Amino acid sequence: MAALRAEAADGVLHSVDVLTRCHQTPSHALLHAPRVAISILGAPPPTLGFDRAALARQFPEARRSGCTNECDCFFAAPGHATRRRMRRTRTAPSHVELFDDLLAEAQVEQVLRRHGYVDLARMPHTMEWGG
């Protein structure tokens with residue numbers, strides 16, 4: 001997150017599209033950049049219910065997966081979902097945060113490269129503790 005904080009301080013970071021499960025990246029709490037828009041994949045608890053028809057329209061290729069939220073539908077067909085996500089926004093996010101196993105998906109990498117994204121930083125999926 002230090003790399004993103006530095007980008008925000010330099011005025012380069014305007015928005016982040018976080019393509020991870022929401023509980024895996026405490027984005028806003030670690031970024032501390034109030035003027036940076038953060039978009040995350042929705043994953044409300046199943047008890048809140050879901051709109052199956054809306055998910056089927058948004059993620060037609062994930063229909064058979066039985067997904068019950070945006071996050072699960074996204075990961076059922078990440079290449080298609082990334083392409084659609086990049087098309088649906090008027091202004092593409094300045095940065096995209098994801099796990100490297102998602103970047104290893106050929107379609108995801110192609111979409112991101114086509115939109116001009118480059119690998120800025122690698123961040124470990126662990127908390128850093130000082131002593």
Side-chain angles (χ1 to χ4, degrees):
M1 230 13 107
L4 291 179
R5 278 196 302 272
E7 293 274 302
D10 292 343
V12 177
L13 178 67
H14 305 288
S15 57
V16 180
D17 198 6
V18 181
L19 303 180
T20 65
R21 300 189 185 284
C22 61
H23 66 276
Q24 293 174 317
T25 307
S27 302
H28 200 267
L30 295 175
L31 186 56
H32 296 290
R35 288 181 291 280
V36 174
I38 299 176
S39 172
I40 63 170
L41 297 170
T47 55
L48 295 181
F50 61 95
D51 184 345
R52 188 175 301 277
L55 287 172
R57 282 190 305 275
Q58 190 176 359
F59 301 95
E61 61 284 325
R63 223 176 269 166
R64 281 179 251 129
S65 74
C67 56
T68 59
N69 60 53
E70 180 186 20
C71 190
D72 289 342
C73 289
F74 177 89
F75 284 105
H80 294 289
T82 302
R83 185 177 312 109
R84 196 170 12 272
R85 215 168 159 83
M86 290 294 151
R87 279 189 206 143
R88 80 168 187 207
T89 59
R90 267 206 238 139
T91 306
S94 62
H95 293 67
V96 176
E97 180 180 342
L98 51 100
F99 289 121
D100 42 350
D101 59 335
L102 184 57
L103 187 59
E105 294 271 342
Q107 287 182 323
V108 172
E109 182 178 16
Q110 289 170 359
V111 170
L112 294 176
R113 302 273 183 236
R114 194 174 310 124
H115 282 84
Y117 292 101
V118 296
D119 195 350
L120 172 68
R122 299 283 173 140
M123 295 172 262
H125 185 58
T126 59
M127 296 298 290
E128 296 176 25
W129 298 93

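No hydrogens, no waters, no symmetry mates; every other heavy atom, side chains included, goes into these values. The structure displayed is predicted, hence computed values, not measured ones.
Taking all atoms of both residues into account, the shortest heavy-atom contact from Ala8 to Val36 is CB-CG2, 4.2 Å. The two residues Leu112 and Met86 have their closest heavy-atom pair at CD2-CE, 3.8 Å. Minimum interatomic distance between Leu55 and Cys67 (heavy atoms only, all atoms of both residues): CD1-O, 4.0 Å.
Scored by the side-chain contact (heavy atoms from CB on, under 4.5 Å) test, Arg35 finds no partners at all (sequence neighbours excluded). With sequence neighbours excluded, the residues forming a side-chain contact (heavy atoms from CB on, under 4.5 Å) with Glu61 are Phe59, Ala77, His80, Arg84, listed by chain and number. Remark: Arg52 pairs with no residue by the salt bridge (charged side-chain N to carboxylate O under 4.0 Å, His left out) rule, at least two apart or across chains. Partners of Asp51 by side-chain contact (heavy atoms from CB on, under 4.5 Å), not counting sequence neighbours, listed by chain and number: Ala53, Ala54.
In this structure, Arg85 CZ and Glu70 CD are separated by 5.0 Å, a value rounded to the nearest 0.5 Å.
Residues Asn69 and Pro44 are in side-chain contact: their nearest non-hydrogen atoms beyond the backbone lie under 4.5 Å apart. Considering only heavy atoms from C-beta on, Leu102 comes within 4.5 Å of Phe75 through its side chain. Looking at Thr82 and Phe74, their side chains come closer than 4.5 Å, going by heavy atoms from C-beta outward. Looking at Glu105 and Leu98, their side chains never come closer than 4.5 Å, going by heavy atoms from C-beta outward. Leu19 places a side-chain heavy atom less than 4.5 Å from the side chain of Leu41.
For residues 37-48, no pair satisfies salt bridge (Lys or Arg N to Asp or Glu O under 4.0 Å), with sequence neighbours left out. Residue pairs meeting the side-chain hydrogen bond (donor to acceptor under 3.5 Å, both in side chains) criterion with at least one member in residues 7-16, sequence neighbours excluded, are Glu7-His95.
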